[in-house]
2 protein chains.
Amino acid sequence: MSTAQGARARARIEVTAAIKEAARRQLAEEGAAKLSLRAVARELGMVSSALYRYFPSRDELLTALIIDAYDSLGAAAEQARDAAAGAAAVARWTAVCEAVRGWALAHPHEYALIYGSPVPGYAAPQTTVPAAARVGLVFIGIVRDTHEDSGLAGLAVPDGLRPEAERMAADLAPDLPPEAITALVAAWAQLFGLVSFELFGQFNKVVEDREAFFRHAVTGLAHGVGLR
Amino acid sequence: MSTAQGARARARIEVTAAIKEAARRQLAEEGAAKLSLRAVARELGMVSSALYRYFPSRDELLTALIIDAYDSLGAAAEQARDAAAGAAAVARWTAVCEAVRGWALAHPHEYALIYGSPVPGYAAPQTTVPAAARVGLVFIGIVRDTHEDSGLAGLAVPDGLRPEAERMAADLAPDLPPEAITALVAAWAQLFGLVSFELFGQFNKVVEDREAFFRHAVTGLAHGVGLR
DNA sequence: GTCTATAACGAGATAGAC
DNA sequence: GTCTATCTCGTTATAGAC
């Protein structure tokens with residue numbers, strides 16, 4: 001009886017994975033806006049209604065893909081952070097940035113799903129938030145280590161932004177100075193600007209040696225958050 | 001006869017504009033991936049085959065929308081630059097950045113069309129390049145003015161990036177130092193990272209006072225390209 | 001209980017004959 | 001330019017296999 005349940009549970013996990021895999025393939029070919037349950041079912045030799053045992057709606061399948069993508073990116077970032085554990089703060093920062101870029105280049109359609117244009121008619125639920133936060137937390141961790149260790153350099157915030165900076169710090173990392181959190185959020189957005197421009201074709205005929213360019217740019221971002 | 005031709009030409013321009021307008025509405029509702037000539041025709045009370053007199057394919061209609069969007073954004077940037085003509089370099093820089101953000105907030109779907117995920121199965125032709133370059137040229141102009149006037153401050157490029165920096169400078173602005181062009185291209189991508197994060201929902205529950213945050217972040221970008 | 005398959009709905013897209 | 005027949009889609013109800 002327990003083995004029967006185990007087999008069923010295992011089968012369920014496998015089918016769920018197969019559905020998501022097929023959906024990711026479709027994501028690459030048609031884009032998120034055209035993701036269709038029927039096409040996924042067809043590819044798997046199933047009938048569309050059978051998919052509803054695994055995902056209650058098309059939107060929930062999309063949500064699962066989004067969470068998987070955020071988690072995969074987050075894991076890549078965490079792994080890069082751990083692999084660079086002994087290095088200086090700037091080196092750890094750039095290592096994580098390069099892991100983000102590497103993941104994006106390896107998974108362009110999943111990247112577009114989470115950091116590209118919103119899917120019309122779809123609103124991501126709050127369930128995606130923890131997975132989405134993972135990358136950011138890695139960067140916060142690096143800044144926190146430096147803050148506690150050698151301190152952060154050259155950060156400032158104008159008076160007009162002070163309340164918002166304090167609000168963000170209270171929300172995201174109460175142990176860090178508001179100036180650092182403000183710079184961090186900006187650097188976070190700017191990092192993904194660099195990745196998106198490369199991935200979405202904006203650097204075509206502009207930047208050729210993208211790896212060197214990216215490394216230099218994210219080193220600048222590291223300095224911008226007070227790492228030295 | 002010349003009046004008849006004039007009227008015909010005028011009608012053609014009007015219909016073309018109506019088609020693009022309807023297409024933009026569809027862009028907002030269904031997204032670029034689902035832009036369909038048939039739906040556009042329906043909205044205009046035309047038959048789909050009639051549209052082919054104005055746009056030879058869906059892709060050409062998309063291209064026209066993309067060029068219009070780039071031109072509209074470019075014009076907004078140029079206007080902001082001209083309006084701030086007398087001000088200091090950093091103020092002119094932030095004014096143009098704020099115009100970019102303002103345009104994006106006012107035209108979110110057109111922004112997604114040009115700076116969001118690529119449309120599956122569509123590749124933008126070279127015809128879009130001049131329009132796409134307009135915003136960038138505004139920023140180059142500000143940096144050039146400062147370079148010629150008071151000079152640029154604190155720019156450097158590592159040895160590994162030197163050849164690429166020189167290649168980019170030769171391509172984009174041979175009269176400017178390669179360090180400045182490198183910083184400028186990075187700032188350009190980072191600016192759109194800030195705008196995209198706000199527009200695509202990444203700042204939800206993170207940044208509340210977006211205007212103040214943006215102003216501070218782009219001031220940092222201005223410093224990053226050597227403006228003081 | 002858990003799953004898959006059949007059939008159907010209403011809506012919309014599409015292809016082709018006329 | 002119009003009409004129609006045939007596709008697609010998400011989703012549900014239902015019946016039966018395991």
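A note on names: the letters A, B, ... follow the listed sequences, proteins ahead of strands, and every chain is numbered from 1. Owing to the predicted nature of the structure, the values given are computational and were not obtained by experimental measurement. These numbers come from the heavy atoms of this one structure, side chains and all, not from hydrogens, waters or symmetry mates.
Within the 4.0 angstrom heavy-atom criterion, only backbone atoms of the sugar-phosphate kind lie near A:Tyr54; the bases stay farther away. Among the heavy atoms of the strands lying under 4.0 Å from B:Ala50 are primed sugar atoms or P, OP1, OP2 only; no base atom is included.
Of the side-chain N and O atoms in A:Arg12, one or more sit less than 4.0 angstrom from OP1 or OP2 of C:dC3.
A:Trp93 is linked by a side-chain hydrogen bond (donor to acceptor under 3.5 Å, both in side chains) to nothing, counting only residues two or more places apart in sequence or in another chain. For A:Pro177, the side-chain contact (heavy atoms from CB on, under 4.5 Å) partners are A:His147, A:Leu152, A:Glu179, A:Ala180, not counting sequence neighbours. For A:Glu29, the side-chain contact (heavy atoms from CB on, under 4.5 Å) criterion is met by no residue, not counting sequence neighbours. Looking at residues two or more places apart in sequence or on another chain, you find no ring-ring contact (aromatic ring centres under 6.0 Å, His included) involving B:Phe214.
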Got a list of protein N/O to nucleotides 6-11 of chain D N/O distances below 3.5 Å?
from   : atom 1 : to      : atom 2 : distance (Å)
D:dC9  : OP1    : A:Ser36 : OG     : 3.1
D:dC9  : OP1    : A:Arg42 : NH2    : 3.1
D:dC9  : OP2    : A:Arg42 : NH2    : 2.5
D:dG10 : OP1    : A:Leu35 : O      : 3.4
D:dG10 : OP1    : A:Leu37 : N      : 2.8
D:dG10 : OP2    : A:Leu37 : N      : 3.1
D:dG10 : OP2    : A:Arg38 : N      : 3.0
D:dG10 : N7     : A:Arg38 : NH1    : 2.3
D:dG10 : O6     : A:Arg38 : NH1    : 2.8
D:dT11 : OP2    : A:Tyr52 : OH     : 3.0
D:dT11 : OP2    : A:Arg58 : N      : 3.0
D:dT11 : O5'    : A:Tyr52 : OH     : 3.4

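To the nearest angstrom, P of C:dA5 lies 11 Å from CG of A:Leu44. The distance from atom CZ of A:Arg53 to atom P of D:dA17 is 16 Å, rounded to the nearest whole Å. Protein atom CD of A:Glu14 is 17 Å distant from nucleotide atom C1' of C:dT4, rounded to whole Å. Between the CD1 atom of A:Ile13 and the P atom of C:dT2 there is a distance of 15 Å, given to the nearest Å. Atom P of nucleotide C:dG12 and atom CD of B:Glu43 are separated by 14 Å, given to the nearest angstrom.
The aromatic rings of B:Phe197 and B:Phe203 lie perpendicular to each other, with more than 60° between the two planes, well past the 30° mark.
Residue pairs meeting the salt bridge (Lys or Arg N to Asp or Glu O under 4.0 Å) criterion with at least one member in residues 192-202 of chain A, sequence neighbours excluded: A:Arg101-A:Glu198.
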